[in-house]
Amino acid sequence: MPEFRELAAGDSALLHRFYKELYLPQFPDPDERESLANIERYLRLKEEGWYGRNNYHVTVVLDQGAPIAGAISDYLAEPNAGMIEFLVVAAAQRRRGLGAALLRRTEAMLDEDARMAAGSGVAAVLAEIEDPFRVALPAEGLDPFRRALIWAKWGYRRLDFPYVQPALSEAQGPVRHLMLAIKPLRAGDPVPAPLLRSFLQEYLRWAMRIDAPDRDPSYRGMARCLAARPAVPTMRLDAYVGQDPARPLAVTEVTGETEPDFAAALAVYGAAFPAGAAAIGPAGFAAALRRPRRGGEGRYHLWALRRDPEGPVLGMASFFAFPCAGFGGYAAFAAGLRGTGRLRLLLARIEERMRRDAPGARGWYIECETAAQAAIFRKAGFHELAIDYVQPPLPGGGTVRLALLYKEFGRRHEPPTLGCGEFLDAVEQILRVVYDIPAPRSCRFYTGIARQLGGRDRVPLR
């Protein structure tokens, strides 16, 4: 039977073992993790009464004396909220419910802290979680997309504001690949901005030892964002990564033109995209599926979409994942999916696939033929590039002017910064692979774009 133990200042040997065997392997980013010396110091300060009405907890789970899981958390009296800094379970011990049990124990301790300090239960518990669209995907360890689904199951929601963990020391930098999740117990949704600002101030003071949060650049950026709104909405963590139980979306990878889903997906496509210069026929999709993969050319995907795995095909999506960026081909919903709020779920699923195919990419491009199409995708987080973009001819068609849009993966709160070199590398890949132009940098479509950019460092946005 696992033993739960809250560590005290005298548990140095056990803390060292937990830190070395579990903490370091699971949190390899040196900017993201606390030092062992700091954790030991915080436990000594707790013993001395330094935290006052606040509290600090290091909890480990032992199996025959060996640490197999652990959590570090804080109680902050001013906002009456808890914070889970880290929660880790050894890889061999996962899928046993140990993480959920440790979380329940941690939440109960924070609730008890609140009853002692405020006379009532804790208002909310927050947690720092890696954003799977921004963090490097590990070869080993817990996949960050799966981690988001686990925390969603535990009742946590993503706070929709640009969270940055301030630098933990002078030798460390701020961490920008985290998101802040919340489990509202009494605060509700949306979360009042003053409450969240109070939480951030107290978290910096008591957990990061930043005595003057207003002087910290990361905090100032978050405070400006919070000052501009009365409340911060939340969203389901599972929906953030494209998995919403209330709006299921089943994806089937189509790998060949003889599969039944190939014809079904193209039937949806044909109804949404009538013949024209910006459309292709079944032969074009079949050729993309048959095209051999060459080093550095990325991957092509054609998806058939359903409401449930056994239902009819009601949608389609096609896209490329290049080493430098993703490129969206076509996406369409038929009745049954159209108007159901599943577009953002589909985009998140596409972005997850692009991240797995091309770990070095950070965003993707799409072409839009009409202003109405561009408006739909701008609402979903895309930004139109301020260039005159001409689509090369597709088989049997001519050139056509389109809007070219770009989106960074995941949720962003500011327009992207897109370097001209990065953009031109993506244009070269798109022209070579999508439009089958063997020498892209010498063709008029590439040189026309390069001429518009001139000596700029960044691509302008509309």
Side-chain angles (χ1 to χ4, degrees), residues 130-139 143-149 158 176-177 179 237-244 249-255 265 269 285 288-289 291 293-305 315-333 342-368 376-378 380-385 404-412 415-419 421-435 459:
E130 290 177 331
D131 187 333
F133 295 106
R134 304 189 75 171
V135 70
L137 301 183
D143 182 273
F145 285 96
R146 173 165 167 73
R147 181 182 290 113
L149 295 175
R158 183 184 188 277
R176 303 183 185 279
H177 60 247
M179 52 186 175
L237 279 166
D238 46 9
Y240 180 60
V241 297
Q243 306 274 356
D244 187 349
L249 181 66
V251 171
T252 302
E253 182 88 32
V254 180
T255 60
Y269 165 81
F285 288 99
L289 290 173
R291 183 186 180 103
R293 287 182 59 193
R294 302 184 183 94
E297 287 196 349
R299 294 191 60 182
Y300 172 72
H301 295 275
L302 175 62
W303 284 357
L305 310 175
M316 61 79 61
S318 68
F319 58 94
F320 298 81
F322 300 122
C324 60
F327 180 75
Y330 301 93
F333 286 162
R342 285 175 168 84
L343 176 62
R344 288 181 183 268
L345 300 178
L346 173 61
L347 298 180
R349 299 279 282 279
I350 291 174
E351 291 181 11
E352 177 186 353
R353 185 66 266 166
M354 289 177 173
R355 289 236 56 215
R356 297 191 186 282
D357 289 346
R362 67 184 185 97
W364 58 307
Y365 300 86
I366 61 168
E367 300 165 336
C368 288
I376 291 171
F377 286 98
R378 279 198 298 268
F382 283 84
H383 295 262
E384 185 176 350
L385 308 188
L404 186 64
L405 284 73
Y406 176 77
K407 180 183 180 298
E408 290 186 350
F409 297 142
R411 177 78 167 97
R412 298 293 181 268
T417 299
L418 183 58
E422 175 187 5
F423 171 54
L424 289 173
D425 286 345
V427 171
E428 179 182 14
Q429 288 274 1
I430 292 167
L431 294 176
R432 185 190 307 279
V433 178
V434 180
Y435 294 102
V459 181

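Quick note: numbers below take in every heavy atom, side chains included, and nothing from hydrogens, waters or symmetry partners.
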Minimum heavy-atom separation for [X] to [Y], with atom names?
X	Y	answer
P416	E408	CB-OE2, 3.6 Å
A361	F322	CB-O, 4.2 Å
R362	Y406	CG-OH, 3.8 Å
D357	A321	CB-CB, 3.6 Å
G410	E351	N-OE1, 2.8 Å
R378	L405	CG-CD2, 4.1 Å

May I ask you to decide if F319's main-chain N or O and R353's side chain share a donor-acceptor pair within less than 3.5 Å?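 No; judged by distance alone, with no hydrogens or angles, the pair does not exist.
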Examine distances only and state if a side-chain atom of Y240 and a backbone atom of R411 form a donor-acceptor pair shorter than 3.5 Å.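 Such a contact is found between Y240 side chain and R411 backbone.
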Can you confirm whether [X] sits close enough to [Y] that some side-chain heavy atom of one is under 4.5 Å from a side-chain heavy atom of the other?
X	Y	result
R356	R299	no
E422	V459	no
F285	V254	no
P323	Q429	yes
V251	L305	yes
I350	W303	yes
P144	L137	yes
M179	P132	yes

Intermediate values then yes/no, side-chain contact (heavy atoms from CB on, under 4.5 Å), R134 and R412: CA-CA 11 Å; R134 304 189 75 171; R412 298 293 181 268; 3.0 Å; yes
Kindly state whether the ring of F409 and the ring of F133 have centres lying under 6.0 angstrom apart.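 Ring-ring flag for F409/F133: false, centres at least 6.0 Å apart.
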Measure the acute angle between the ring planes of F382 and F377, then classify it against the limits of 30° and 60° as parallel, tilted or perpendicular.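 If you compare the ring of F382 with that of F377, the planes turn out perpendicular.
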Please round to the nearest 0.5 Å and tell me the distance separating atom [atom1] of [X] and atom [atom2] of [Y].
X	Y	atom1	atom2	result
E130	H177	CD	NE2	5.0 Å
Q243	L237	CD	CG	12.5 Å
I430	C324	CD1	SG	7.5 Å
M316	L346	CE	CG	10.0 Å

Not counting sequence neighbours, which residues clear ring pair (Phe, Tyr, Trp, His ring centres under 6.0 Å) with F423? List them please.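 For F423, the residues satisfying ring pair (Phe, Tyr, Trp, His ring centres under 6.0 Å) (neighbours in sequence not counted) are Y365.
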Residues R158, D131; criterion side-chain contact (heavy atoms from CB on, under 4.5 Å); working and verdict: CA-CA 10 Å; R158 183 184 188 277; D131 187 333; 4.1 Å; yes
Go through the steps for R291 and Y300 under the test side-chain contact (heavy atoms from CB on, under 4.5 Å), then give the verdict. CA-CA 9 Å; R291 183 186 180 103; Y300 172 72; over 6 Å; no
Please list all pairs meeting salt bridge (Lys or Arg N to Asp or Glu O under 4.0 Å) that have one or both residues in residues 423-435, counting only residues at least two apart or in different chains.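 Every pair satisfying salt bridge (Lys or Arg N to Asp or Glu O under 4.0 Å) with a residue in residues 423-435: D425-R441, E428-R432, E428-R441.
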